[in-house]
Q: 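The following block contains the structure, expressed as structure tokens.
Please read all numbers here as calculations on a predicted model, not as lab measurements. Order of appearance sets the numbers: ligands from 1, and atoms from 1 within every ligand.
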Amino acid sequence: MLEFKNKVVLITGGGTGIGEAMAYQYAMKGTNVILTGRRLEPLQKVMQKCISLGVKAWCKTVDMEKTETIDQLVEWIHSEGHQIDFLLLNAGISQRALTLDTDISVDRRLMEVNYFGGIYLVKSLKDMFLNNGVHIAVVSSVSGVFGFPVRSAYCASKHAIHGFYETIALEYPQIKTTIIIPGRIHTEVSKNALDGNGKATGVMDPGQANGYDVNKCARVAIKAIARGRHQKVIGGFDTIMVPFYKYIPCLFRFLARHVSAR
Ligand SMILES: NC(=O)c1ccc[n+]([C@@H]2O[C@H](COP(=O)([O-])OP(=O)(O)OC[C@H]3O[C@@H](n4cnc5c(N)ncnc54)[C@H](OP(=O)(O)O)[C@@H]3O)[C@@H](O)[C@H]2O)c1
């Protein structure tokens, strides 16, 4: 089991949803928390709650699409002398639009936020990670395992995550990775998802509203990280699509075409 107490975790997208719930899980294990995201207000609220749980916490505004803001974060980490023991790459945006109705700018944006921003951060901290080791947990999705309607760009960005973090863990013994694979979790992700023109839908999908509890998701995720699991599928009945995809692909394709994508 990994040691969490008095370590430091850096969380992207730590102000809401799964990132917020994970911040409390790390804090309850005694891990000091650095939270990042674009909006300061939710980050400050989560920071205060982490402090009330007895750990140190900081927050910094970072936009995963803007490498200069990631550079500023890395500079701050070095200037404060923080050692990052755990990294939770959680910031992400989803999509709700058919593939050919999705403007290419949306495909690129999702790749930047969901994939390139995270790997830029990892590469920016490489000396620290190579010298001292790190456990990287990265939030993928069941959409990182298979394709799913109205999420082509999102699926592509999450599939990319698997390729990168599986490989880096094979190359460097001091870098451990856990790929978190949630099904539908009750957060605002569908409201923040982009339509084909890059506008947030603002719609709470029924699938999301009836999704798996976010705190339960975080509890299962922290256990998987503690046990050093390489991958962990988390969620309700919808995650049955993962074994269907692997073992009964024709059933998977039938269901994926017919169940509601929203
Ligand atoms: N909920 C689900 O059903 C589900 C299922 C599978 C996977 N996931 C994944 O779980 C992760 C968290 O999503 P969630 O469900 O918790 O939804 P959420 O509440 O919308 O969380 C997304 C987080 O990412 C941050 N973010 C978005 N764009 C960003 C950017 N350009 N730069 C920095 N931070 C950015 C947001 O903060 P700001 O807006 O303040 O930047 C927010 O805190 C995502 O990677 C998502 O793909 C969710």
Q: Which residue, Ile84, Val122, Leu121, forms the side chain to side chain contact (heavy atoms under 4.5 Å, CB included) with Ile136?
A: Val122

Q: Check each of Ala21, Gly15, Ala91 against atom 35 (C) of ligand 1 and report the one with the nearest heavy atom.
A: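 Heavy atom nearest to atom 35 (C) of ligand 1 belongs to Ala91.
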
Q: Any N or O on Arg38 sitting closer than 3.5 Å to an N or O of ligand 1?
A: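 Yes: some nitrogen or oxygen of Arg38 is under 3.5 Å from one in ligand 1.
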
Q: Atoms of ligand 1 less than 4.0 Å from Tyr154 heavy atoms?
A: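 Ligand 1 atoms under the 4.0 Å threshold to Tyr154: 6 (C), 7 (C), 8 (N), 9 (C), 46 (C), 47 (O).
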
Q: Are the side chain of Thr36 and the backbone of Ile11 linked by a donor-acceptor contact shorter than 3.5 Å?
A: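 A pair under 3.5 Å: yes.
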
Q: Look at ligand 1 and say whether Ser140 reaches it with a heavy atom at a distance under 4.0 Å.
A: yes

Q: If you count the atoms of ligand 1 from 1 in the order shown, which ones are under 4.0 Å from a heavy atom of Val62?
A: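 In order of numbering, the contacting atoms are 32 (N), 33 (C).
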
Q: Say whether His230 and Thr177, considering side chains only, have a donor N or O and an acceptor N or O under 3.5 Å apart.
A: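 Judged by distance alone, the side chains do not pair up.
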
Q: If you measure from atom 12 (C) of ligand 1 to every heavy atom of Val139, Asn90, Ile181, Val214, which option wins on shortest distance?
A: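 Considering heavy atoms of Val139, Asn90, Ile181, Val214, the nearest to atom 12 (C) of ligand 1 sits in Asn90.
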
Q: Can a side-chain donor-acceptor contact be found between Thr178 and His135 if the only test is distance below 3.5 angstrom?
A: yes

Q: Taking the six-membered ring for Trp and the single ring otherwise, decide whether the centroids of Phe86 and Phe4 are under 6.0 Å apart.
A: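 Yes, the ring centres sit under 6.0 Å apart.
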
Q: Do NZ/NE/NH1/NH2 and the carboxylate oxygens of Asp63 and Lys66 come within less than 4.0 Å?
A: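 Salt bridge flag = yes for Lys66 with Asp63.
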
Q: Would Ser141 count as being in polar contact with ligand 1, using the rule that some N or O on each side must be under 3.5 angstrom apart?
A: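 No, no N or O pair falls under 3.5 Å.
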
Q: Does an N or O anywhere in Asn192 fall below 3.5 Å from an N or O of ligand 1?
A: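 So ligand 1 has an N or O lying under 3.5 Å from an N or O of Asn192.
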
Q: Using a 4.0 Å cutoff against the non-hydrogen atoms of Gln208, which atoms of ligand 1 qualify?
A: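 Going through ligand 1 atom by atom, the ones under 4.0 Å from Gln208 are 1 (N), 2 (C), 3 (O).
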
Q: Under 4.0 Å from any heavy atom of Gly92, which atoms of ligand 1 are there?
A: 22 (C), 24 (O), 27 (C), 44 (C), 45 (O)

Q: Has Gln208 got a side-chain atom pairing as donor or acceptor with His186's backbone, closer than 3.5 angstrom?
A: no

Q: Just checking, any donor-acceptor pair under 3.5 angstrom between side chains of Asp71 and Tyr120?
A: yes

Q: Does an N or O from Gly19, backbone or side chain, lie closer than 3.5 Å to an N or O of ligand 1?
A: no

Q: Would you mind checking which non-hydrogen protein atom is closest to atom 48 (C) of ligand 1, with the distance to 0.1 Å?
A: Ile18 CD1, 3.8 Å

Q: Hey, which atoms in ligand 1 end up nearer than 4.0 Å to a heavy atom of Gly17?
A: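 Once the distances to Gly17 are compared, the set is 16 (O), 19 (O).
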
Q: Under 4.0 Å, counting heavy atoms only: does Thr12 come that close to any atom of ligand 1?
A: no

Q: Under the 3.5 angstrom rule, does the side chain of Arg151 hit a backbone N or O of Pro149 as a donor-acceptor pair?
A: yes

Q: Just go through Ile70, Thr187, Val138, Ile234 and tell me whose heavy atom is the nearest to atom 15 (O) of ligand 1.
A: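 Of the listed residues, Thr187 has the closest heavy atom.
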
Q: If you measure every N/O of Ile185 against every N/O of ligand 1, is any gap under 3.5 Å?
A: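 The answer is yes, given that Ile185 and ligand 1 share an N or O pair closer than 3.5 Å.
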
Q: Measure from the side-chain N and O atoms of Lys158 to the backbone N and O of Val139, and report whether any donor-acceptor pair falls under 3.5 Å.
A: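 Yes.
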
Q: Need the ligand 1 atom indices (1-based, order shown) with element for anything under 4.0 Å from a heavy-atom of Met64.
A: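 Checking each atom against Met64, I get 30 (C), 31 (N), 32 (N), 33 (C).
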
Q: What are the atoms of ligand 1, with element, lying closer than 4.0 Å to any heavy atom of Asp63?
A: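 With Asp63 as reference, the close atoms of ligand 1 come out as 30 (C), 31 (N), 32 (N).
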
Q: For ligand 1, which atoms have a heavy atom of Lys158 less than 4.0 angstrom away?
A: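 Per the distance check, 44 (C), 45 (O), 46 (C), 47 (O).
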
Q: Can you tell me how far the CE atom of Met64 sits from the CG atom of Asn90, to the nearest 0.5 Å?
A: 9.5 Å

Q: Flag the pair Asp205 and Arg184 as a salt bridge only when some basic side-chain nitrogen lies within less than 4.0 angstrom of an acidic carboxylate oxygen.
A: no

Q: Is the Phe164 ring parallel, tilted or perpendicular to the Tyr115 ring (thresholds 30°, 60°)?
A: perpendicular

Q: Just need the protein heavy atom nearest to atom 25 (C) of ligand 1, so name the residue and atom and give the distance.
A: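 Checked against all protein heavy atoms, atom 25 (C) of ligand 1 sits closest to Gly13 CA, 3.8 Å.
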
Q: Any idea which of Lys66, Gln95, Arg39 brings a heavy atom closest to atom 40 (O) of ligand 1?
A: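 Nearest option to atom 40 (O) of ligand 1, by heavy atoms: Arg39.
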
Q: If you have a sec, work out which protein heavy atom is nearest atom 13 (O) of ligand 1 and how many Å separate them, to one decimal?
A: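 Its nearest protein heavy-atom neighbour is Val189 CG2, 4.3 Å.
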
Q: For the residue pair Phe146 and Tyr245, categorise the inter-ring angle as parallel (less than 30°), tilted (30 to 60°) or perpendicular (more than 60°).
A: tilted

Q: Does only the side chain of Thr16 get under 4.0 Å from ligand 1, or the backbone, or both, or neither? Count heavy atoms.
A: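 Both backbone and side chain.
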
Q: Can you tell me if Gly183 contacts ligand 1 (heavy atom of the residue under 4.0 Å from the ligand)?
A: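 Under 4.0 Å: yes for Gly183.
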
